[in-house]
Amino acid sequence: MSDARMPAGLIEWLQHSKARDVELAFADVHGFPRGKTLPAAAFIKGQPLRIARAVPLQSCIGEFPDYSFYGEHDPDVTLAPDYNTLRPVPWAKTPRAMVICDCVDHDGCLSPLAPRSVLKQVLARYDAYGWTPVVAPELEFYLFAAHGDPAQPFQAPQLASGRREAGFDAFGFSALGELEAFFDELYQACETLGIATDTCVHEMGPSQFEINLKHGDALKLADDTFLFKTALKEIAHRHGLSAVCMAKPLPGQPGSSMHIHQSVVDRQGRNAFSRADGSGSPEFFGFIAGLQRFLPELMPLFCPNPNSYRRFVKGMAAPVNLSWGLDNRSVGLRVPVSGPEARRVENRLPGCDANPYLALAASLGAGLAGIEQKLVPDEAVHGNVFKQQAASLPTTLDAACAAMAAGCAESLFGADFSRAYLAVKEVELNDYHRQVTAWERQYLGFLV
């Protein structure tokens with residue numbers, strides 16, 4: 001599995017936990033957990049475990065792109081566990097553990113096709129400058145009644161009071177209280193998984209909520225977000241609910257985002273976005289400029305599905321451009337009010353359907369490119385940008401993929417990953433465009 005030996009303390013912990021199995025998991029390009037399960041005794045002995053190199057590229061419809069993107073002979077990768085992520089599985093009836101793995105090619109290098117590898121590549125570039133990115137994701141999601149028929153719309157769950165939410169109960173407490181059993185188990189799972197949560201609020205949609213994760217190291221926060229979304233789904237099922245991370249699950253209601261707060265610290269722990277006098281540093285402005293310049297070419301990494309683009313509706317707090325401003329929620333790049341030590345940039349572009357590894361890699365990669373190229377951002381804007389500016393971002397996944405193919409992705413993440421990712425999107429879009437929707441049947445079915 002890995003040249004690194006399992007620490008003795010973890011062996012003792014795993015044996016004491018009486019876990020029968022260990023899930024060796026990684027995120028595919030959608031952020032969905034994939035992998036294999038190994039008996040705990042075999043895991044402790046270091047039994048090698050391999051999986052097809054193509055698995056990180058599995059599309060949301062279950063198909064794969066052409067062999068040329070992952071190897072004509074369909075090779076394997078080795079699953080190399082990151083022992084720092086070994087945890088019990090909170091929702092398991094029979095005790096078992098899980099560990100997040102890297103996908104390693106036969107030459108011993110990280111597979112360029114795995115999302116965790118992509119983020120690690122970007123973080124290595126920061127480390128070469130003596131910097132460490134600090135991030136904090138904000139995750140919005142809907143809780144719906146158990147939903148097994150994709151032909152039917154989602155519905156808010158029936159609460160203990162007998163009612164179903166109609167929406168726009170933002171920042172209220174009643175639904176949180178009525179769903180207390182679910183949230184209690186979710187928070188217990190986060191503690192078990194080592195995920196540090198921060199605020200929880202009821203958002204504007206019916207049974208829509210947001211839970212923020214505490215800021216920290218970018219790789220750990222990507223792992224935590226991956227685990228959080230997995231826990232969210234699993235625990236919702238245990239309570240007869242469907243946790244939905246679609247960007248726009250309900251027409252006419254707010255979409256769900258994954259805003260990312262980002263800053264950079266040096267080896268002494270000082271915020272690289274602030275000068276000694278407390279003002280913004282050249283790195284701060286270069287980072288913003290890099291986001292403005294390159295994010296339009298990386299949209300499929302923030303908004304990976306056709307549904308993602310339905311979220312961008314003026315007046316519903318979803319950005320339609322990449323202006324930046326201080327404490328302004330109508331812009332795509334918001335700088336919250338803070339002291340110099342906490343100066344940061346909030347990227348409001350990603351949807352909750354984004355893969356956290358890829359969203360962080362794209363945002364941090366674009367910002368670093370802006371610093372390296374000494375780019376200068378536009379002037380900060382004031383007031384409501386929705387009223388001042390037209391949309392300046394791709395409005396469909398097709399357009400976004402075309403922009404990514406012609407843009408900076410290969411220079412930031414390499415040709416292997418960038419071309420393979422777009423090939424996955426092509427598989428999905430080909431299937432999507434073959435569908436006939438309820439809207440078409442309703443309005444076009446009786447045309448003469």
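Remember, it's a predicted structure, so these values are computed and weren't measured experimentally. By convention here, the first residue in the shown sequence is residue 1.
Inter-residue side-chain proximity for Leu79 and Cys103 is flagged as met; some heavy-atom pair is nearer than 4.5 Å. In this structure the side chain of Gln208 reaches within 4.5 angstrom of the side chain of Ser256, judged on heavy atoms. Side-chain contact between Val77 and Asp105: present, with at least one pair of heavy atoms (C-beta onward) separated by less than 4.5 Å. In this structure, the side chains of Pro137 and Leu221 come closer than 4.5 Å at one or more pairs of heavy atoms. Pro133 has its side chain within reach of Leu123: a pair of non-hydrogen atoms, C-beta onward, lies under 4.5 Å apart. Counting only heavy atoms from C-beta outward, the side chains of Phe26 and Arg34 approach each other to under 4.5 Å. Side-chain contact between Val122 and Tyr357: absent, with no pair of heavy atoms (C-beta onward) separated by less than 4.5 Å. A 4.5 Å side-chain heavy-atom check between Met6 and Leu86 finds at least one atom pair inside the cut-off.
Heavy-atom minimum distance, Ser257 versus Glu140: N-OE1, 2.9 Å. Across Pro304 and Leu397, no two heavy atoms sit closer than the pair O-CD2, 3.6 Å. The two residues Ser117 and Ser111 come nearest to each other via the heavy atoms OG-O, 2.8 Å. Taking both residues in full, the closest heavy atoms of Phe302 and Pro350 are given as CD2-CG, 3.6 Å, listed atom of the first, atom of the second, then distance. The two residues Trp324 and Asp378 have their closest heavy-atom pair at NE1-O, 2.7 Å. Nearest heavy atoms, Phe43 versus Tyr83: CZ-CE2, 3.7 Å.
Panel note: side chain Lys233, backbone Ala243; a donor-acceptor pair is recorded below 3.5 Å. Of the possible polar contacts, none joining the Thr132 side chain to the Val265 backbone as a donor-acceptor pair under 3.5 Å is found. Side-chain atoms of Thr192 do not come within 3.5 Å of backbone N or O of Pro90 as any donor-acceptor pair. Proximity of a side-chain donor or acceptor of Asp277 to a complementary backbone N or O of Ser279 within less than 3.5 Å is detected. Within the 3.5 Å criterion, the main-chain N or O of Cys408 finds a donor-acceptor partner in the side chain of Glu297. Checked by atom type and distance alone, the side chain of Lys229 pairs as donor or acceptor with a backbone atom of Cys352 at under 3.5 Å. Looking at Glu210, its side chain never comes within 3.5 Å of a backbone N or O of Val201 through a donor-acceptor pair. Formation of a donor-acceptor pair under 3.5 Å by the Ser281 side chain with backbone atoms of Ala272 is found in this model. Gln58 places no side-chain N or O within donor-acceptor distance of the main-chain N or O of Val55, the cut-off being under 3.5 Å.
Defined by atom type and a distance below 3.5 Å, a donor-acceptor pair is missing between the side-chain atoms of Asp266 and Tyr129. Under the 3.5 Å distance criterion, with hydrogens and angles disregarded, a donor-acceptor pair is assigned to the side chains of Ser363 and Asn347. Between His433 and Asp398, the side chains place a donor N or O and an acceptor N or O closer than 3.5 Å (distance only, hydrogens not considered). Asn271 and Ser263 share no side-chain donor-acceptor pair at under 3.5 Å. Looking at His30 and Glu428, their side chains do bring a donor and an acceptor atom within 3.5 Å of each other. For the 3.5 Å distance criterion, the side chains of His261 and Glu138 qualify, holding a donor opposite an acceptor.
Every side chain to side chain contact (heavy atoms under 4.5 Å, CB included) that Arg87 has, sequence neighbours left out, goes to Leu193.
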Which atom pairs, donor and acceptor, lie under 3.5 Å between side-chain atoms of residues 364-371 and protein residues at least two apart or in another chain?
none

For side-chain contact (heavy atoms from CB on, under 4.5 Å), just list the numbers for Leu393 and Tyr309, CA-CA rounded to whole Å, side-chain angles, deciding distance to a tenth of an Å, and then say yes or no. CA-CA 10 Å; Leu393 294 168; Tyr309 298 82; over 6 Å; no

Start with the C-alpha distance between Phe154 and Tyr142, add both sets of side-chain angles, then the distance that settles ring pair (Phe, Tyr, Trp, His ring centres under 6.0 Å), and finish with yes or no. CA-CA 10 Å; Phe154 293 114; Tyr142 277 85; 8.5 Å; no

Evaluate the side-chain contact (heavy atoms from CB on, under 4.5 Å) criterion for residues His202 and Phe209: first the C-alpha distance (whole Å), next the side-chain angles of each, then the deciding distance (0.1 Å), finally the verdict. CA-CA 4 Å; His202 189 303; Phe209 302 93; 3.5 Å; yes

Full working for side-chain contact (heavy atoms from CB on, under 4.5 Å) between Arg116 and Phe226: CA-CA 11 Å; Arg116 200 170 192 256; Phe226 166 58; over 6 Å; no

Dump the intermediate steps for side-chain contact (heavy atoms from CB on, under 4.5 Å) on Thr225 and Leu360, then the final yes or no. CA-CA 11 Å; Thr225 305; Leu360 283 169; 5.9 Å; no

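Other residues, nucleotides and ligands contribute more than 12 heavy atoms inside 6.0 Å of the CZ atom of Arg125. Within a 6.0 Å radius of CD in Glu379, other residues, nucleotides and ligands contribute 12 heavy atoms or fewer. By the 6.0 Å contact criterion, CZ on Arg53 is enclosed, its count of non-hydrogen atoms from other residues, nucleotides or ligands being greater than 12. A 6.0 Å sphere centred on CD of Glu234 holds more than 12 heavy atoms belonging to other residues, nucleotides or ligands.
The aromatic rings of His239 and Phe182 stand perpendicular to each other, their planes meeting at an angle above 60°, with 30° marking the opposite boundary. Between Phe417 and Phe413, the angle of the ring planes goes over 60°, which puts this pair in the perpendicular group of the 30/60° scheme. Ring orientation note: the planes of Tyr126 and Trp131 are tilted relative to one another, at an angle of 30° to 60°. Using cut-offs of 30° and 60° for the angle between ring planes, the Phe64 and Tyr70 rings count as perpendicular.
In this structure, Leu298 CG and Phe294 CZ are separated by 8.5 Å, a value rounded to the nearest 0.5 Å. For the atom pair OG (Ser274) and CZ (Arg343), the distance works out to 3.5 Å, reported to the nearest 0.5 Å. A distance of 9.0 Å separates CG of Leu49 from OG1 of Thr37, quoted to the nearest 0.5 Å. To the nearest 0.5 Å, the span separating OG1 on Thr78 from CG on Asp76 amounts to 7.5 Å. From Leu232, atom CG reaches atom NE2 of His237 across 9.5 Å, with rounding to the nearest 0.5 Å. One finds the CZ atom of Arg348 at 10.0 Å from the CG atom of Leu333 (value rounded to the nearest 0.5 Å).
The only option from Asp102, Asp82, Asp223 that meets the salt bridge (Lys or Arg N to Asp or Glu O under 4.0 Å) definition with Lys120 turns out to be Asp102. In summary, of the residues considered (Asn355, Leu301, Asp416), a side-chain contact (heavy atoms from CB on, under 4.5 Å) with Tyr421 occurs for Leu301 alone.
Classification of Asp127 and Arg267 as a salt-bridged pair holds, one side-chain N sitting under 4.0 Å from a carboxylate O. With respect to the salt-bridge test (charged N to carboxylate O, under 4.0 angstrom), the residues Arg334 and Asp327 qualify. The existence of a salt bridge linking Asp431 and Arg434 is confirmed by a sub-4.0 Å separation between a basic side-chain nitrogen and an acidic carboxylate oxygen.
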